[in-house]
There are 2 protein chains.
Amino acid sequence: MKLSTKGRYGLQAVIDLAVHADEDAVALSQIAERQGISMNYLEQLIAKLKRAGIVNGIRGAQGGYMLSRPADEISVGDILRALEGDLNPVDCAEVNEGEGCCRISGSCVTKYVWKRISDSINDAVDGVKLSELVAESKRIQNGASATETKEKHTCGK
Amino acid sequence: MKLSTKGRYGLQAVIDLAVHADEDAVALSQIAERQGISMNYLEQLIAKLKRAGIVNGIRGAQGGYMLSRPADEISVGDILRALEGDLNPVDCAEVNEGEGCCRISGSCVTKYVWKRISDSINDAVDGVKLSELVAESKRIQNGASATETKEKHTCGK
DNA sequence: CTAATACCGAGCAAAATAATAGGAATTAAT
DNA sequence: ATTAATTCCTATTATTTTGCTCGGTATTAG
């Protein structure tokens with residue numbers, strides 16, 4: 001019941017992108033370096049985000065990535081679902097709603113529970129907009145000591 | 001971000017146990033057969049539940065398992081946490097709360113998000129008591145056709 | 001005694017995750 | 001036009017986790 005590194009790295013990458021949204025386009029190499037993530041791996045994550053229409057890629061020299069829409073129109077849920085797939089705790093929470101599947105054998109009284117968890121998770125992540133995290137991130141950057149720089153994240157694993 | 005079979009099978013096993021709570025002790029083999037789960041595997045799951053103090057084992061012939069307390073004093077959260085470990089989406093949601101870990105590098109603005117998800121999940125699962133599921137299960141059993149029996153669950157994977 | 005059961009731990013195959021690697025296509029800058 | 005920087009695409013490999021099997025020991029009702 002853990003998020004994979006896809007979700008964690010990916011969300012951080014998008015935040016990084018959003019924080020540097022004033023620049024034209026941010027190269028993958030920059031994000032990778034700032035966040036301490038392998039660039040090759042990050043590439044695969046950002047590909048998912050691109051497919052989901054969250055970021056746009058700009059090819060060629062001086063290319064990079066940009067958010068495809070304003071940060072307050074992107075929720076954490078959008079990002080995590082793009083990276084991790086749906087956030088349901090089991091696959092039948094939504095699916096097979098009206099069918100004979102589980103109910104017959106009586107084995108899916110649990111369905112009700114899964115649905116509740118599912119709804120809770122989705123409400124939680126949809127309620128947080130990327131813009132909020134960007135604001136918070138900038139606040140921390142300013143308040144923090146001047147000597148701090150990128151630093152492999154020792155946490156979050 | 002999926003629950004493993006540990007959580008799904010395990011919860012079903014506990015429900016089965018609770019439904020048959022009138023009998024003295026329910027043998028693992030019976031639960032396994034009714035729920036269509038490998039007995040050897042189920043044994044490992046129930047061991048976790050035992051360690052967590054949710055079920056009691058009774059050894060010897062005619063032995064089996066019983067709930068260690070009434071079904072309305074056991075929440076789905078108790079059961080799932082026993083089986084899956086904590087239900088936090090990432091490991092640092094609670095940990096390292098007051099330490100320098102993430103905050104310094106500014107890489108953990110996300111912590112706020114993880115905490116929100118975490119709280120949502122835990123609230124959701126703690127809000128459902130085993131007794132509710134048992135009641136629902138019995139209701140379905142009665143309402144259903146008389147010919148139904150155990151049936152490998154085709155769903156929930 | 002014996003059969004039924006819980007209890008314990010080692011091992012293993014398959015799947016998922018995390019990462020690496022190499023190259024092709026595109027484009028700004030010179 | 002050439003070059004260097006970059007996205008884009010796909011294959012492969014290593015590592016970890018999951019789901020499960022197996023063999024044995026301990027305990028107890030009948």
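Proteins come first, then strands; the chains are lettered A, B, ... in the order of their sequence lines, and each starts at number 1. Values below: every heavy atom of this structure, side chains too, minus hydrogens, waters and symmetry copies. Being a predicted model, the structure only gives us computed values, none of them experimental.
- Checking dC20(D), dG19(D), dC8(D) against the side-chain heavy atoms of Tyr65(A) singles out dC8(D) as nearest.
- OP1 or OP2 of dA18(C) sits under 4.0 Å from a side-chain N or O of Ser4(A).
- One atom, CE of Met39(B), and another, C1' of dG24(D), lie 14 Å apart when rounded to the nearest Å.
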Between the protein and nucleotides 28-30 of chain C, which nitrogen or oxygen pairs are less than 3.5 angstrom apart?
{"from": "dA28(C)", "atom 1": "O4'", "to": "Ala61(A)", "atom 2": "O", "distance (Å)": "3.4"}

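- The base of dT20(C) lies close enough to the side chain of Gln44(A) for a donor and an acceptor atom to sit less than 3.5 Å apart.
- Annotation: side-chain hydrogen bond (donor to acceptor under 3.5 Å, both in side chains) contacts of Glu136(A) (sequence neighbours excluded): Arg139(A).
- For Glu43(B), the side chain to side chain contact (heavy atoms under 4.5 Å, CB included) partners two or more places apart in sequence, or in a different chain, are Leu28(B), Asn40(B).
- Contact check of residues 45-58 of chain A against DNA chain D (heavy atom, cut-off under 4.0 Å) returns Lys50(A), Gly57(A), Ile58(A).
- Between the OH atom of Tyr41(B) and the P atom of dC8(C) there is a distance of 19 Å, given to the nearest Å.
- Contact annotation: Thr5(A) reaches the phosphate of dA18(C) (side-chain N/O to OP1 or OP2, under 4.0 Å).
- Residues passing the side chain to side chain contact (heavy atoms under 4.5 Å, CB included) test with Gln62(B): none are found, sequence neighbours excluded.
- Rounded to an integer number of Å, the gap from Asn40(A) CG to dC8(D) C1' is 12 Å.
- To the nearest angstrom, P of dA15(C) lies 18 Å from NZ of Lys2(B).
- Contact of the Met1(A) side chain with the Pro89(A) side chain is registered, since non-hydrogen atoms from C-beta on lie closer than 4.5 Å.
- Put simply, CG on Asp24(B) is 16 Å from C1' on dA6(C), counting in whole angstrom units.
- Legend: residues meeting salt bridge (Lys or Arg N to Asp or Glu O under 4.0 Å) with Asp86(A), ordered by chain and number and at least two apart, are Lys2(B).
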Do any side-chain atoms of residues 44-59 of chain B form donor-acceptor pairs under 3.5 angstrom with protein atoms, and if so which ones, sequence neighbours left out?
none

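- The list of salt bridge (charged side-chain N to carboxylate O under 4.0 Å, His left out) pairs with a residue in residues 63-85 of chain A, not counting sequence neighbours, reads Arg69(A)-Asp78(A), Asp78(A)-Arg81(A), Arg81(A)-Asp126(A).
- Rounded to an integer number of Å, the gap from Leu42(A) CG to dC9(D) P is 16 Å.
- For Arg116(A), the side-chain hydrogen bond (donor to acceptor under 3.5 Å, both in side chains) test picks out Tyr112(A), with sequence neighbours left out.
- A donor-acceptor contact closer than 3.5 angstrom is absent between the side chains of Ser4(B) and Tyr9(B).
- Rounding to whole angstrom units, CG of residue Leu28(B) and C1' of dC8(C) are separated by 14 Å.
- Whole-Å rounding puts the Met66(A) CE to dT6(D) P distance at 15 Å.
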